[in-house]
J.: 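Sharing a structure here in structure tokens format.
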Amino acid sequence: MTKFKPVKHASTEAPQKPVSLRIPLARLNQQFLGPYRLSFLICLTGLLIQSLLILPVPLLQGRILDLLLPFAEAAEQGRPPIDVSSQLIQSIATGLALIVACQLLRTSLSWAVSNTMGRISQEVVVQLRSALHQKLMRLPMAYFDAQQTGRLMARVTSDVGSILSFVNSGLLQLVNDLILALGIAALLFWLQWRLALIAMVVMPLYLLNQMVFSGKIRQLSLSIRSQVSSIYALLSERVSAVRVVRGCAQEAEELAQLDKRIDHHRELSWKNTRTSALLSLLATLITGLGTLGVLIGGILLIGQNRLTMGELLAFYSLIGQLYGPIVRLTQFQATAQSTSVSIERLCEVLDEPETLSDSPDAKPLITPQGAISLENVHFRYQPDGPEVITSLTLNIKPGTMLGIIGPSGAGKTTLLALIARLYDIVPPTSQGEVRFDGHNIRHWLLADLRKHIALVPQQALLFEGTILTNLTYACPDASEPEIKAALEITDLQTTINHLPNGLQTSVSERGMTLSGGQRQRLALARSIIAKPAVLLLDDCTSALDAETESRIQESLAHNLPGRTSVVVSQKCSSVRQADLIIVLDKGKIIEQGTHTELVGLGGWYSATFKAQTTALIDKIYDEAA
Ligand code: ADP
């Protein structure tokens with residue numbers, strides 16, 4: 001059994017060297033932020049005002065304290081109460097009103113900014129996701145051959161998510177923190193430069209502590225995320241292949257593997273908790289040291305009449321608000337780094353060349369005849385890969401049936417993919433020409449070709465929904481008689497009549513509620529309903545018993561007159577009624593003719609036919625015995 005390789009989480013691929021955000025941000029701005037630039041600037045202005053409004057509050061509080069202090073001192077020393085002048089009341093009331101006004105304005109601005117930013121970031125993400133989705137639908141098959149589905153999914157989910165949180169909060173937080181840190185530092189020096197110097201003395205120690213530990217914590221978080229995705233990857237792979245796991249009696253081994261990963265995850269999480277606790281302990285000690293220094297310095301300065309109690313209070317309050325923004329600014333590099341990697345990875349997909357696009361002079365294919373020919377085709381998947389189709393020339397007349405048979409790996413599926421234009425023949429690595437209705441296949445609009453050529457793969461994939469939504473996937477407005485006819489041809493009508501909800505029966509994910517044969521027939525019916533001019537069947541009745549398969553083959557031939565069909569199969573019985581059968585081996589046609597001609601030829605086809613017939617007779621005898 002293939003051993004599972006731990007999947008690296010997307011974020012672990014982020015290079016640890018500092019990266020510039022300038023280019024990815026410019027790209028994001030140019031491609032997706034365009035329509036929201038004005039709202040974004042308004043939000044930035046709102047945020048600037050919101051941050052600046054923090055600054056006067058501690059000063060006002062200090063001022064009010066200084067005004068009230070003489071009263072407290074008089075009471076404490078047992079002196080007669082001081083007269084409260086109306087000017088004093090007015091000053092205190094103004095101070096309080098200003099504090100309330102600042103807080104109210106800040107709250108309203110914060111509400112408006114986060115609302116607008118939330119909307120902008122959601123819009124940006126919708127645009128990004130839709131651009132990605134559209135791009136993925138247009139990319140050539142070769143791109144998907146070279147990519148792991150999990151990685152593509154990570155781009156659509158986690159990379160987009162990381163951009164969402166960056167646009168939503170990261171960018172604004174950066175501006176907010178910069179304004180706050182500079183504003184508070186300036187205010188501290190303005191209030192009392194000596195005390196500000198004392199407060200700043202511990203700052204390098206504080207930053208050093210943050211930098212050392214946050215580096216470690218970041219590494220640990222990345223490992224934890226990678227471990228979590230490896231647990232999910234193992235789970236999702238094994239759950240979807242639960243039949244194989246049980247069939248090979250590997251339940252205990254699988255559980256042990258999962259436990260090992262969960263244990264590792266627990267160890268990492270515990271280490272992360274301990275490191276974070278140590279960081280927090282040292283940070284508290286250092287800020288405590290700083291605060292103590294400020295307190296001693298403050299008392300000395302008050303003693304020298306260089307500072308008032310109110311100013312000391314304002315100082316304290318401002319220092320408390322200085323550390324947070326500075327720490328976040330030191331951590332910004334990490335966020336910037338991972339966002340930059342996410343933007344770059346998304347741009348990589350968006351910039352991928354679309355080799356399978358329409359040429360500028362491509363023509364619409366309105367009334368297809370279904371004539372297909374291949375002219376001396378040589379094809380390889382990768383430029384440095386082996387030749388999979390070798391000098392293949394073939395002519396399929398409209399309305400006829402071609403059977404393709406041959407050993408596994410002979411190139412049968414590849415041939416169908418070339419006819420369906422899933423791959424283009426790109427010289428010099430591949431050569432020759434595939435023609436449809438007498439013209440190079442690239443002469444026709446790709447969307448029209450897709451509409452008129454239906455490919456039914458061996459693995460019948462069904463989508464979440466009902467049997468009906470699956471049947472009408474390629475032709476949502478199919479009529480009831482059309483659906484019924486397709487069900488008759490594929491011998492599915494009786495099966496569906498016996499289902500509790502008939503056509504409305506839901507098909508669970510990946511069609512697991514239907515048998516393999518039923519799924520294959522459903523996929524076939526789906527293509528028949530789309531009324532294509534060409535039907536390419538890639539061994540798509542392999543899960544059926546011989547009797548049902550030949551009944552469906554006959555029904556197909558009888559009910560779809562005038563339709564060109566190409567049937568790939570491992571069984572001679574599936575292709576015997578074809579107008580022409582080709583035997584493919586190592587990408588070359590080694591025999592061709594009708595069933596009778598090929599049996600008479602005494603070659604590969606004849607030997608295979610004899611072997612399959614003998615096996616069938618043996619089976620019938622065994623069943624009868
Ligand atoms: P068949 O359908 O006759 O079993 P295929 O057309 O699937 O054969 O494959 C023919 C050859 O091409 C095989 O050697 C196979 O390994 C190779 N092949 C098939 N698909 C790809 C692909 N996407 N990328 C690279 N090689 C491929």
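Every value quoted in this text rests on a predicted model; they were computed, and no experiment measured them. Ligands are counted one by one from 1 in listed order, and the atoms in each one are counted from 1 as well.
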J.: Can you give me the closest heavy-atom contact between Leu461 and Arg526, atom names plus distance?
T.: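 Shortest heavy-atom separation between Leu461 and Arg526 comes out as O-NH2, 2.8 Å.
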J.: Does Arg421 pair with Asp424 as a salt bridge, N-O distance under 4.0 Å?
T.: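 Judged by the 4.0 Å cut-off on N to carboxylate O distance, Arg421 and Asp424 do form a salt bridge.
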J.: Under a strict 4.0 Å criterion on non-hydrogen atoms, which protein residues are in contact with ligand 1?
T.: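 Residue list for ligand 1: Asp145, Tyr381, Gln382, Val388, Pro407, Ser408, Gly409, Ala410, Gly411, Lys412, Thr413, Thr414, Tyr423.
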J.: Could you tell me which residues satisfy ring-ring contact (aromatic ring centres under 6.0 Å, His included) with His265, sequence neighbours excluded, listed by chain and number?
T.: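 Listed in chain order: nothing, the list is empty.
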J.: Would you kindly say whether Thr413 and Asp538 are connected by a side-chain donor-acceptor distance under 3.5 Å?
T.: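 Their side chains do contain a donor-acceptor pair, which is all the 3.5 Å distance test asks for.
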J.: Would you say the ring centroid of Phe436 lies under 6.0 angstrom from that of His452?
T.: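 Centroid distance Phe436-His452: not below 6.0 Å, so no.
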J.: May I ask you to say whether Lys484 pairs ionically with Glu482, meaning some side-chain N is under 4.0 Å from a carboxylate O?
T.: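 So Lys484 does not pair with Glu482 through a salt bridge.
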